[in-house]
Amino acid sequence: MSSHSKYSMAPGEDSNSYDSIEKNKSYCQKHYIACTILVVLLLFLVVLGGLLLVAFIRALLLKVPSYVDETTMEQIRQLPNLSSSTFKNLPALLGMALTFPTIANHSGYYEHEPFRGFREFLEKSFPNVFTSTIVEVDERFPSFLLTVQGSGANTSLNSFLLLAHMDVVPVDASAWHDDPFSGKWVDRENGGYVYGRGAIDDKLSVVAILCALDELLGTGWSPNSTFYVAFGHDEEVSGNFGAGEIAKILESKGVHDLFFILDEGMPVMQGFMDGFDVPAALIGVSEKGLLDLRVEATGVAGHSSMPPHHQAIHSLATAIHNLHSSPHPVFQGGPEQEMLLALAPKSSWPLRLALSNPWLFSPLISSVMAGKRETDAVQRTTTATTIIQSGNKVRVSLLSYASCSAAINENYVCNCYCSYPYLQ
């Protein structure tokens, strides 16, 4: 009997039977692969379905967080009610405040007359504030600090500071529909709005704070704790001579620990994202840092008829392009995410599903927010080129020097270093 190391056909067995076996093996292998892919796909769908179910349930159960402190609310309830006439007069007072062109052109320089007139207007409009025996006025003209003395057992407990600024940025009147310093109350019969430079940034805060304080002091009210109100005149140009000097006054008074500081507010936003249609009054609980960059480029001087190959303006343009074409990364977590979670229950579907579950839809949320400048600025460090300088003649000379300034608003200090590689 001969031995066979390989398969050999038995008597009567033909080659067709062997081919059939091989085909069956191949068929089984293909079906095994297909079945494996199908099982993996089904597992993926089951996991995805589970995640979406969890996300859907979370979106249904998520509620607007409550930050109300009952003790604070009880103190608010004890305050005298502001009369209706106070609110009725507020738009008119704001309109008059806007007629003073308190422009801050650059740090350390301002025109005295508009600020002097504005100060006289404030003293005349809010006499209870400036004549009260419990209000101390510290001058750093045009800026000033109000110290409202407390009458409680511990007047330094829970002291706070209210901030606003009286200055406005320069204005190109030709770009406005009407006089930017008219202070008009437009469409007054239907409520309307007050028109003018500084209506939002930030004379509204100045007038509102003084209006409320004047009304309270007129009732004989006094606070338990001493608090402070500071109005600066150069916030738009760094605040060195306004807020900087007021900080020195506070330091001289021994004020080193405040319960909170309330600065100018954020706008009431509506429709800033598709699916969010209710008005949202946002409260700023943190602020980005600021980095000012000055970029300088040098090249070869010459005439436009024979321009040099290496021009300073070209180099500067490349740096600006690189700076703006490389957006900073999106923030992860923090108050930005908490804000979106608070807005989620007031959103319509499917936005509610996405905002309620940043752990699952973060890339989608970031993509949607990047579509508008208002929302994109919330989620990342922003960059803006503000001043460009170089030549001063058309078709004549090419200077060997060009420069630009850029403002970078970053969330964390370490982010400022991300800007420099973009300028290479």
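We're numbering straight along the sequence, starting at 1.
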Is there a donor-acceptor pair closer than 3.5 Å between any side-chain N or O of Q379 and the backbone N or O of S366?
yes

Can you classify the ring geometry of F227 versus F160 as parallel (below 30°), tilted (30 to 60°) or perpendicular (above 60°)?
parallel

Distance-only, no hydrogens or angles: does the K203 side chain make a donor-acceptor pair with backbone N or O of A97 under 3.5 Å?
yes

Donor-acceptor check, side chain of T375 to backbone of M369, threshold 3.5 angstrom: yes or no?
yes

Within the side chain of N224, is there an N or O that forms a donor-acceptor pair under 3.5 Å with the backbone of G152?
no

Is any side-chain heavy atom of V54 closer than 4.5 Å to a side-chain heavy atom of I57?
no

To the nearest 0.5 Å, tell me how far F130 CZ sits from L217 CG.
11.0 Å

Check: Y195 ring centroid to W176 ring centroid under 6.0 Å
yes

Closest non-hydrogen atom pair, F361 against A354
CD1-CA, 3.7 Å

Would you call D376 and R380 a salt bridge, taking side-chain N to carboxylate O under 4.0 Å as the test?
yes

I'd like to know if the side chain of R58 and the backbone of S356 have a donor-acceptor N/O pair within less than 3.5 Å.
yes

Heavy-atom donor-acceptor pair, N158 side chain to F259 backbone, under 3.5 Å:
no

Main-chain N/O of P142 paired with R119 side-chain donor or acceptor, under 3.5 Å
no

Considering the options I209, L216, L146, V148, which one meets the side-chain contact (heavy atoms from CB on, under 4.5 Å) requirement together with V129?
L146

What distance do E338 atom CD and S286 atom OG have between them, rounded to the nearest 0.5 Å?
9.5 Å

Any idea which heavy atoms bring T298 and H310 closest together, and the distance?
O-NE2, 3.2 Å

Hey, are S151 and S222 close enough side-chain-wise for a donor-acceptor pair under 3.5 Å?
yes

Going from OG1 on T385 to CG on L323, what distance comes out if it is rounded to the nearest 0.5 angstrom?
5.5 Å

May I ask you to say whether K253 pairs ionically with D138, meaning some side-chain N is under 4.0 Å from a carboxylate O?
yes

Can you measure from CG (L51) to CZ (F56) and round to the nearest 0.5 angstrom?
15.0 Å

Before accepting this row, confirm whether a basic side-chain N of the pair E111/R116 lies closer than 4.0 Å to the acidic partner's carboxylate O.
no

So, H314 side chain and H309 main chain: donor-acceptor pair closer than 3.5 Å or not?
no

Check whether any side-chain heavy atom of L93 lies under 4.5 Å from a side-chain heavy atom of F126, and answer yes or no.
yes

Is there a side-chain contact (heavy atoms from CB on, under 4.5 Å) between I249 and E245 once you walk through the steps?
CA-CA 7 Å; I249 298 175; E245 291 300 314; 5.7 Å; no

Take L351 and F276 through the test side-chain contact (heavy atoms from CB on, under 4.5 Å) and record every step on the way to the result.
CA-CA 8 Å; L351 181 63; F276 193 88; 4.1 Å; yes

With the side chain counted from C-beta on, respond yes when L343 and M339 share a heavy-atom pair under 4.5 Å apart, and no when they do not.
yes

Is the backbone of L364 close enough, under 3.5 Å, to the side chain of S367 for a donor and an acceptor to pair up by distance?
no

Is there a side-chain contact between S156 and N154 (heavy atoms, below 4.5 Å)?
yes

Could you check if a side-chain atom of V135 sits within less than 4.5 angstrom of a side-chain atom of T147, using non-hydrogen atoms only?
no

Might you point out which heavy atoms bring W221 and I134 nearest each other, and give the distance in Å?
O-CD1, 4.0 Å

Among L94, V207, I200, side-chain contact (heavy atoms from CB on, under 4.5 Å) partner for V194:
L94

Strictly under 6.0 Å, is that where the ring centroids of F100 and F181 end up?
no

Side-chain donor-acceptor pairs of residues 162-174 under 3.5 Å, sequence neighbours excluded:
residue: H165; atom: ND1; partner: D167; partner atom: O; Å: 3.0
residue: H165; atom: ND1; partner: D167; partner atom: OD1; Å: 3.1
residue: H165; atom: NE2; partner: D201; partner atom: OD1; Å: 2.9
residue: H165; atom: NE2; partner: E235; partner atom: OE1; Å: 3.2
residue: H165; atom: NE2; partner: E264; partner atom: OE2; Å: 3.1
residue: D167; atom: OD1; partner: E235; partner atom: N; Å: 3.3
residue: D167; atom: OD2; partner: E235; partner atom: N; Å: 3.0
residue: D167; atom: OD2; partner: E236; partner atom: N; Å: 2.9
residue: D172; atom: OD1; partner: S174; partner atom: N; Å: 3.3
residue: D172; atom: OD1; partner: S174; partner atom: OG; Å: 2.6
residue: D172; atom: OD2; partner: S174; partner atom: OG; Å: 3.2

Criterion side-chain contact (heavy atoms from CB on, under 4.5 Å) on T99 and F121, from CA distance to verdict
CA-CA 11 Å; T99 61; F121 159 75; over 6 Å; no

May I ask you to check whether over 12 heavy atoms, not counting those of D187, lie within 6.0 Å of atom CG?
yes

How long is the span from the CG atom in L98 to the NZ atom in K184, to the nearest 0.5 Å?
13.0 Å

SB check E251 K248 (cutoff 4.0 Å):
no

Heavy-atom closest contact (S238 atom, N240 atom, distance)
OG-ND2, 3.1 Å

Heavy-atom count check: over 12 atoms from other residues, nucleotides or ligands less than 6.0 Å from F260 CZ?
yes

With side chains defined as the heavy atoms from C-beta onward, is the minimum distance between V368 and M273 less than 4.5 Å?
yes

Mind running side-chain contact (heavy atoms from CB on, under 4.5 Å) on T382 and K288 for me, showing each step along the way?
CA-CA 10 Å; T382 58; K288 292 181 178 179; 3.8 Å; yes

Are the side chains of T318 and H321 in touch, meaning some heavy atoms are under 4.5 Å apart?
no

What class does the angle between the rings of H112 and F141 fall in, given that below 30° is parallel, 30 to 60° is tilted and above 60° is perpendicular?
tilted

Got a second to check how far D274's CG is from S348's OG, nearest 0.5 Å?
9.0 Å

Any sub-3.5 Å donor-acceptor pair from S159's side-chain atoms to T226's backbone N or O?
yes

Taking F115 as the fixed residue, which of F231, F144, Y110 is the one that meets the ring-ring contact (aromatic ring centres under 6.0 Å, His included) rule?
Y110

Minimum heavy-atom distance between Y228 and L145, given as atom pair plus value:
CB-CD1, 4.0 Å

Side chains of E139 and V137: closer than 4.5 Å at any heavy-atom pair?
yes

What's the shortest heavy-atom distance between F241 and D234, and which atoms?
N-OD2, 2.9 Å

